[in-house]
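In what follows, a single structure is set out as structure tokens and then discussed.
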Amino acid sequence: MSKPIVTVVGRPNVGKSTLFNSLCGQQISIVKDTPGVTRDRIYAEVSWLNHNFTLIDTGGIEPDTGDIILSQMREQAEIAIETADVIIFMTDVKQGLVDSDSKVADMLRRSHKPVILVVNKVDSFEKMMPDVYEFYNLGIGEPFPISAVNKLGFGEVLDEVVSHFPEGSDTDEEDERPKVAIIGKPNVGKSSIINKLVGKNRVIVSDIAGTTRDAIDTAIKYNGKEYVFIDTAGLRRKSKIKEDLERFSIIRTVAAVERADIAILVIDATEGVTEQDAKIAGIAHERGKGIIIAVNKWDDIEKNDKTIYEFTNKIKDTLAFMSYAEIIFVSAKTGQRLNKIYELVDHIVDAQTMRIPTGVLNEILTEAVAMKQPPSDKGKRLKIYYMTQVSVKPPTFVMFVNDVALTHFSYTRYIENRIRESFGFRGTSIRFINRERKEKE
């Protein structure tokens, strides 16, 4: 299921982040902090009228600035515009229509994307509507008045946003080929891995421009089976400030992961696993994708008999929130172990689509509870009545309990580990939903 991507752009200080935070903080939005993606969040999952989409916040655009910070913010916004299905262009009624707004409007017009013009800080619709009409002069459609601080006018804007979503964006795609996103920081060898896979197999089914998301889909046939690899290459290196460039890569990663079944996180062996790797990995983890960690440039590392063991432990420590991920040590330059990727993808697809009969599942649950009592609080103990699997990709289980408040995450993790011991679920996350069920009198 591929979610549309909506990007909020505009000049600095027009209220973009206020709108972003307001949408994330209300019931129309569900946002959860996932380990590994808790800082510098620039995206969120939003729901409106049965439509789910990814909302991306950007820094302010100053079209003609020479300031290095503002120019980097402009570049980030340009990448987000290229990635988006729909763009929310925010202006400020109190500052009025300024020259920079017209230049941003010109930039958006050239993108050929649907643009929703929003005029913020309209605290009184009756008194300030004449000032809103001034923004018709931008020539990009009807201006929608809102107050991001007071949460006014959101419904009309979101109705207009979802009306532009691609048809079928909320339905499962018919294409059954495994879709694998190659993600990671800039310059870790993502494109090199795909190029080597293409070169080794010499069977390129097609090179397809990746819809509007500025990613390239490459279909490769291996051992009679087709795989689609989604590359997030194309990041323009205009600055030497590495941290900001890595922030830009987050935007591309969100878009690529949305369309994928499995994400391959590429790590540079010469740098080791970093906090930024954890942030990028968290994007795939929180979306329930299968995950392979490919440690690239392994041929450049001096090794002894403990090197792989030590490197694996470091990855597991830094990415502890996704201990289920498969790890493979490769070299895009020499092709070392790259063919193993297909084998791992096949195993993970099998794990993602595995269904466990309810009877078998509850036998494991009964044994797990007998070996370790559920937690209690103030004399009341958690009771788990039964468990059933409700969906796949990722495998999702519902546990019916006497009191949801008693279901501590550590006990849920214990149940998860018992299920993994029995069935594997290699390379894929497992989700649990707790439902309260009253005991019969």
Side-chain angles (χ1 to χ4, degrees), residues 1-7 30-38 40-47 52-57 79-80 82-85 166 169-170 172-173 175 177-186 188 190-191 193-194 208 210-218 227-235 246-267 276-294 319 321-322 324-326 341 344-345 348-349 351-352 392-396 427-431:
M1 185 177 290
S2 177
K3 293 192 188 77
I5 292 180
V6 179
T7 296
I30 301 172
V31 177
K32 61 179 179 181
D33 285 329
T34 300
V37 195
T38 55
D40 301 327
R41 181 182 287 277
I42 56 170
Y43 66 92
E45 303 306 312
V46 177
S47 299
N52 300 311
F53 61 94
T54 299
L55 184 69
I56 292 180
D57 190 16
I79 293 170
E82 292 168 2
T83 301
D85 292 297
S169 59
D170 287 332
D172 290 326
E173 298 178 7
D175 190 350
R177 296 175 298 176
K179 297 173 192 64
V180 184
I182 310 292
I183 63 175
K185 297 183 301 184
V188 293
K190 299 187 295 294
S191 295
I193 286 176
I194 289 183
I208 311 156
T211 63
T212 60
R213 290 167 165 76
D214 197 29
I216 300 298
D217 291 7
T218 302
Y227 304 80
V228 178
F229 287 87
I230 304 167
D231 185 14
T232 51
L235 187 64
E246 289 171 358
R247 274 176 57 82
F248 300 162
S249 71
I250 295 285
I251 297 172
R252 296 194 190 278
T253 300
V254 170
V257 167
E258 286 292 358
R259 297 191 293 124
D261 303 305
I262 296 168
I264 299 180
L265 173 68
V266 183
I267 292 174
Q276 185 67 11
D277 291 321
K279 290 179 184 177
I280 294 172
I283 294 170
H285 169 75
E286 69 181 0
R287 284 162 173 77
K289 306 296 181 177
I291 298 178
I292 298 170
I293 300 168
L319 307 180
F321 59 91
M322 39 181 273
Y324 57 85
E326 295 282 3
I341 286 175
L344 289 177
V345 167
I348 293 172
V349 168
Q352 286 179 314
V392 296
K393 284 190 174 182
T396 303
T428 183
S429 63
I430 297 177
R431 287 183 176 169

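What's counted below: heavy atoms across the whole structure, side chains too, no hydrogens, waters or symmetry copies.
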Heavy-atom check, side chain of [X] versus side chain of [Y], under 4.5 Å:
X	Y	answer
Ile264	Val180	yes
Ile262	Gln352	yes
Val345	Ile292	yes
Ile267	Val188	no
Leu265	Leu319	yes
Ile193	Val266	yes

Of all heavy-atom pairs between [X] and [Y], which one has the smallest distance, and what is that distance?
X	Y	result
Gly288	Thr428	O-OG1, 4.5 Å
Pro395	Ser429	CD-O, 3.5 Å
Pro4	Asp85	CA-OD2, 3.2 Å
Asn52	Ser47	OD1-OG, 2.7 Å

Got a sec, which residues hit side chain to side chain contact (heavy atoms under 4.5 Å, CB included) with Ala181, two or more places apart in sequence or on another chain? Ile183, Ile230, Ala256, Ala260

Phe321 and His285 aromatic ring geometry - parallel, tilted or perpendicular at 30°/60° bounds: perpendicular

For Glu326, the side-chain hydrogen bond (donor to acceptor under 3.5 Å, both in side chains) test, sequence neighbours excluded, returns Arg426

What pairs with Thr54 under side-chain hydrogen bond (donor to acceptor under 3.5 Å, both in side chains), at least two apart in sequence or on another chain? Glu45, Glu258

Measure from the side-chain N and O atoms of Thr7 to the backbone N and O of Ile5, and report whether any donor-acceptor pair falls under 3.5 Å. no

Quick one: does any side-chain atom of Lys190 pair with a main-chain N or O of Lys185 as donor and acceptor, under 3.5 Å? yes

N-O pairing of Lys393 and Asp261 below 4.0 Å: yes

How many angstroms lie between atom OG1 of Thr218 and atom CZ of Phe229, to the nearest 0.5 angstrom? 9.0 Å

When you look at Ile291 and Tyr324, which way does the side chain to side chain contact (heavy atoms under 4.5 Å, CB included) test go after all the steps? CA-CA 8 Å; Ile291 298 178; Tyr324 57 85; 3.5 Å; yes

